[in-house]
Every structure is written in C-alpha cells, then in structure tokens.
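The chains referred to below are lettered A, B, ... by the order of the sequence lines, with proteins before strands, and numbering in each begins at 1. Bear in mind that the values here come from a model prediction, so they are computed numbers and not experimental data.
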Amino acid sequence: MPELAEVEFFRKQWDAGLDKRIAAVLLHPDKRVFRGTDAQKLQQVLPGSRLLASEAHGKQMLFRFSHGIWLGLHLGMTGKLRVAEASFKPSKHDHLVLCQKGCALVFNDARQFGRVLFHQGSSPPPWWRNLAVDVRSKSFTAARMEAFLQRHRKLPIKAALLLQTGFPGVGNWMADEILWRSGLHPRTSSGQIRGTSLQKLWRELRHVCREAVKIVGKDYSDPPVGWLFQERWKRDGLCPIHKRPLRKETVGGRTSAWCPKCQAQR
DNA sequence: TACTCTGTTGAATA
DNA sequence: TTATTCAACAGAGT
C-alpha cells in the first residue's frame, strides 16, 4: 500500500546500502517497470558507483549515486523495496536488484504499475524538478490548498485529494481517513469547501500525513485503533466513534469508505 | 473455470 | 484546462 507513509518506509529499507559500491545489477530490460527508460544503460553504468543518499517526495523516490547517477522509483500499487542477503537470487517479480558487498537491494513489483527512472548528470534529473509542494511543509498553506480546490471545484473532494499535483503522497486510504476526520462526505464538491470546514480539512490533512509517516513510516505498523484505517478494509467496518456501519461506494473511480453520520453533508 | 476485486497513474476522449 | 473512463498487470477471493 504505497502511499506517502509506506513510501517513506520502503525508501529507508535501502539505507542498508548507503556508502557501499554496487557490484552488479540484475534486471530484465523488457519488463514493464522500465518503460521509457534505458535499462541496459542503467545496468552498464551503475556498477562501481556508490549509493550516496535518497529522498522521497510524495509517492516518488530518488536515489543518488556517485559518478552523477540518479535512480528514480515509483512503487505503483504493489511495489516494495527490501534488503536481502548478498547471495540473493531474484524470483519472478524482483525486477531490479542492486548487488553490493554483504547485501542486495531489491525492487519487487507484482503488478508492475511501478516504474524505474534513470538519469546521468551533475544536477538532479528533470523529472525531479517542479515537484508539487509537500503537504507537510510550511509553504503548504490553507490558502494554497483553497486555490487548488477552486481550480478543481467540480471534482468530488475525494477525487481532488488523490491528485498528486495538489496532494503529493495522498492515496486512497489516507484520503478516506482525512475526509472522515474532517466530517466531509467524499462526494462534496471541492469548490464548496470554504471557511471553517476548509480550515478543518487542512488541519486534518496535515495531521494524518504527519502521523502516518511517524507510525507507518517507522516500522510499517498499522495506525492505532481509533483510526478509520482499522475499519475501512473490513467487510463490515464500523465508524470508530459511534459504531455505525460504514458506507462503501466508488467515488472518483476509487473505492471509498465513509461514515454516513459523521460525513452526512454534501 | 470464470469472473470480480484491489492501495496507481497516465493516455485517450469529451 | 479540467473531468471521465479505461487499460496496463498479477494474484486473491468468490
């Protein structure tokens, strides 16, 4: 479930390889995760360089290597990063393996909605410039959010929260969690949200994102009881507040769960 | 066996 | 420019 918090967790898995040289790269260039990138070149160029640093932005990750090499990863729907022993043998969905002394860095993605990007140069890659403003940062003000919602005023708020250009890192479960805490029905038009309800949405958005990164990003634990998260996957999930059955419908093309009592208004 | 569902996103179309 | 729909993929569930 790679949203903001899970991405942060997976990024850190590869910290095990920091400062170590890449001895070999295992991959199959024709795999879909390499669409649009020169996988053979990557395989040829990366050995010999060291992993220097990594960062995550929303659902995107960037790994920086010596010799001006940059690797971008997106986990799609089922992507995972992990560390394995040095003798690791890739299986079916292990699309990219960076072999190092003592360990192997593994990118696995069954459905291959994820993606590998690659760049050589002294400055960060073009696809890492002009990133959307981080929702947890100081510059993500309520006014900025309001302007974005007005630009997409016809869109149901649930769909707007999933737009990575406005809310980088927010995915399906985080969007539902945010709306539940804000008392907003997922079909509410984005343009209708103003004043106190907009302030509320802004606060809950930032709260959920920060807490999720703290909890899930640390060791992949689930958010605690009391979060909608605990109930929204269940067939007969109940609102954590007053135990009413949650409603489930497709909104903005995605399965959404909400409490008809807490989130009544449209 | 066949059909449905899934946490993403980006291309095609309106 | 923005909104909608659908396909890319594999596996799990019914």
In whole angstrom, give the distance that lies between atom [atom1] of [X] and atom [atom2] of [N].
X	N	atom1	atom2	answer
F167(A)	dT9(B)	CZ	P	14 Å
R235(A)	dT4(B)	CZ	C1'	12 Å
M174(A)	dG7(B)	CE	C1'	12 Å
L75(A)	dA10(C)	CG	P	17 Å
D109(A)	dT6(B)	CG	P	18 Å
K80(A)	dT6(B)	NZ	C1'	12 Å
L163(A)	dG10(B)	CG	C1'	12 Å
K158(A)	dT4(C)	NZ	P	15 Å

Determine: side-chain N/O of [X] to OP1/OP2 of [N], distance under 4.0 Å, yes or no.
X	N	value
R151(A)	dT2(C)	yes
T255(A)	dC5(B)	no
K154(A)	dT2(C)	no
H93(A)	dC9(C)	no

* To do: List the steps and the verdict of salt bridge (charged side-chain N to carboxylate O under 4.0 Å, His left out) for R247(A) and E249(A).
  => CA-CA 7 Å; R247(A) 285 200 63 168; E249(A) 276 173 35; 2.3 Å; yes
* To do: May I ask you to establish whether R181(A) and W227(A) are in a cation-pi arrangement, using a distance under 6.0 Å from NZ or CZ to the six-membered ring centre and at most 45° from the ring axis?
  =>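 Relative to the ring axis of W227(A), which defines the angle, R181(A) lies inside both limits.
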* **CD1-CD distance between I69(A) and Q120(A), expressed to the nearest 0.5 angstrom** =>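 Between atom CD1 of I69(A) and atom CD of Q120(A) there are 5.5 Å.
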* To do: Taking only the side-chain heavy atoms of H152(A) (C-beta and beyond), determine which of dA3(C), dC9(C), dG7(B) contains the nearest atom.
  =>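 Of all the options, the side chain of H152(A) is nearest to dA3(C).
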* **Nucleotide of dA8(C), dG7(B), dT4(C) approaching P156(A) most closely (side-chain heavy atoms)** =>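 Of the options given, the side chain of P156(A) lies nearest dT4(C).
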* **Span that lies between the P atom of dA12(B) and that of dC9(C), in whole angstrom** =>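 That atom pair is separated by 15 Å.
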* **5' precedence on DNA chain B between R111(A) and L162(A) (nearest-nucleotide basis)** =>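 Checking each residue's closest nucleotide, the 5'-ward one belongs to R111(A).
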* Hunt down the Watson-Crick or G-U wobble partner of dT2(C), both distances under 3.5 Å, from any strand shown, or write none. =>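 By the stated definition (distances under 3.5 Å), dA14(B) pairs with dT2(C).
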* Please determine, for dC9(C), whether a Watson-Crick or G-U wobble partner exists with both distances under 3.5 Å, and give it or none. =>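 Here dC9(C) is not engaged in any pair, so there is no nucleotide opposite it.
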* Asked: Quick one: do the S54(A) and R11(A) side chains pair a donor with an acceptor below 3.5 Å?
  ->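 Per modelled atom types, S54(A) and R11(A) side chains form a pair under 3.5 Å.
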* Asked: With a 4.0 Å cut-off, would you call R136(A) and D134(A) a salt bridge?
  ->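 So R136(A) pairs with D134(A) through a salt bridge.
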* Assign K92(A) to base, sugar-phosphate, or nothing according to its heavy-atom contacts below 4.0 angstrom with the strands shown. =>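 The residue K92(A) makes sugar-phosphate contact but no base contact.
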* Asked: Less than 5.5 Å between centroids and less than 30° between ring planes, does F113(A) satisfy that with dA8(C)?
  ->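 Answer is yes, a stack.
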